[in-house]
Amino acid sequence: MIASLAFYAFAAVLIASAVMVVSSRNPVHSVLFLILAFFNAAALMLIAGAEFLAMILVIVYVGAVAVLFLFVVMMLDIDFSQLREGFQRYAPIGAVIGGILFLELIFVLSTWRFAPDAADLRLNPNPGGGVSNTAALGRILYTDYLYLFQLAGLVLLVAMIGAIVLTLRDRVGTRRQNIAAQVARSGSVGLVKVPTGAGLRELGILRPPEPEAPKALPEPADHGHGHGGHH
Amino acid sequence: MDGFLSSPIGILVITVAQALALLVPLLIMVAYLTYGERKVLAAMQLRKGPNVVGPFGLLQPFADALKMLMKETVIPSGASRALFVLAPMLTFGLAMIAWAVIPVNDGWAIANINVGVLYLFAISSLGVYGVIIAGWASNSKYAFLGAMRSAAQMVSYEVSIGFVIVTVLLCVGSLNLTEVVRAQQNVWFFIPLFPMFVIFFISALAETNRAPFDLPEGESELVAGFFVEYSSLSFGLFFLGEYANMILMSALTTILFLGGWYPPMHVEPLTWIPGPIWFIAKICLCLFVFIWVRATFPRYRYDQLMRLGWKVFLPFSLFWLVLTAAVLKLTGWLPA
């Protein structure tokens, strides 16, 4: 009973926040609603017993992807009146595309059939035999489909290298810090062992020279020159 | 009585009682951490520190808290109100809910869940939101700059923290925090994984925005960074959240590397001391090092901070992860 109540509560908040993502005026609020939607999706996975997926969803999407997203959106200076300018002109095209997608969805859903054994698989993330769903996922990814998994990783690596190659440029005239050389240099810097608390007691240690007795300051003859001061 | 305790309301009452039993000592610890930090810093700089309010200045944290509560809450006119108020609550709340899975002793966790390590990692990666939202909602240049710095910094250091955690998990074979500690019954992980221990601790400093990585606050250049517009209780929540996060990261270090509730050796006088005392003592040791680092090192420059995270820690932790996996596999020590 409590589980189904929680399910409906989280599902309702998820849908509401998903609607707010597309309808809120401020893009930062949109991203924050997106984060709320991720959280509720993670909670739904927890209810279904898939705790590993729930945590990974929070770590990857909320903890990393959405942070960068928010980072970018906050720095953009978006003018909304400008964005809404062409709304009247593009509305018919948008409506046509939306209508086509809607019709396609109807076609797909009208011929939709569940696999006969799908009902048994539902809400059963643990394969049984005392295997947790973390171990089950690991077995599928790293034992059964290892090569496909590695291939997927390779695709991501290529994308990453591509992004770096596109943005990397060798600027001339920049002065770089060579940390190894800086740490390894000798001669100009020396370490001195100072006894603890020596400043409080009179010990025979290196001390800054005593300040000279204050001489009577000569009356400054010229105001306005030199050290700024009063005008 | 037994029937009541197993009813839904009874379970709720027990859970609330457990949460209070953990959170009240935690908040007292946070209060005395601020006192301890000032005393330790003072001792390292040959000063006296707080010594006026109460004996040895012991009532200073409460005096500070009262003073903070008496102040007026100021919300800047250009601020995004709801988010401005939400940010400190988020920071404080996240620092508190992470404690639900921390095992103080064998079986003494409020929620002993299967994926405890991932839960903690998820919560600590959410901490950045309090900072970003505060910086953006304040509608102030300094706060925004601080928030941007913090976002980049926290995301960078999370990567190496992730690899360190994976290395520890390889040696344990479970994501459950209690299992992680039990695996260290004979050897604490900081001995075989010493380089990872160092990387984890330094990353924890960066993750909690502590010196020498306290660039988001940077009081000499950004006034106070992301919370410059905050006052009164909302400032207090940020402050409490930061110190609670320090204690949390120390607890995580204790669990992952310092053997949790186990004494250093299983011999007579040491085993008389109960587990929670060992746990708290180890947390206090980590906290002392946090403060010691603050008293010793100057602040990093921002490009140096990024270089350390991406060009030093990330490749090294990746290398050590592969090395650990190879050693465990070749020697057959890989836990089933």
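Bear in mind that the values here come from a model prediction, so they are computed numbers and not experimental data. Letters A, B, ... mirror the listed sequences (proteins, then strands); counts begin at 1.
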Practice problem: Considering non-hydrogen atoms only, spot the tightest contact between B:Trp99 and B:Ala95 and give its length. | Solution: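 Taking every non-hydrogen atom into account, CD1-O, 3.1 Å.
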Exercise. Name the region of A:Val28, side chain, backbone, both or neither, that has any atom closer than 4.5 Å to a heavy atom of chain B.
Key: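 Only the side chain of A:Val28 comes within 4.5 Å of chain B.
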Quiz item: So what's closer than 4.5 Å to chain B heavy atoms on A:Leu32: side chain, backbone, both or neither?
Solution: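 Looking at A:Leu32, just its side chain touches chain B.
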Quiz item: Got a donor-acceptor contact below 3.5 angstrom from the B:Glu229 side chain to the B:Ser140 backbone?
Solution: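 Judged by distance alone, no pair lies under 3.5 Å.
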For residues [X] and [Y], determine if any side-chain heavy atom of one lies less than 4.5 Å from a side-chain heavy atom of the other.
| X | Y | value |
| --- | --- | --- |
| B:Met249 | B:Ile161 | yes |
| B:Phe213 | B:Leu308 | yes |
| A:Phe52 | B:Leu175 | yes |
| B:Ile102 | B:Leu120 | yes |
| B:Leu314 | B:Phe163 | yes |

Self-check item: Between CZ on residue B:Phe121 and CG on residue B:Leu126, distance to nearest 0.5 Å
Solution: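 B:Phe121 atom CZ to B:Leu126 atom CG measures 10.5 Å (nearest 0.5 Å).
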Please look at [X] and chain A and tell me whether the side chain, the backbone, both or neither of the residue comes under 4.5 angstrom of a heavy atom of that chain.
| X | value |
| --- | --- |
| B:Ile132 | both |
| B:Leu83 | side chain |
| B:Ser124 | neither |

Exercise. Sort by residue number and list every member of residues 61-69 of chain A having a non-hydrogen atom under 4.5 Å from chain B.
Key: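 Answer by number: A:Val62, A:Gly63, A:Ala66, A:Val67.
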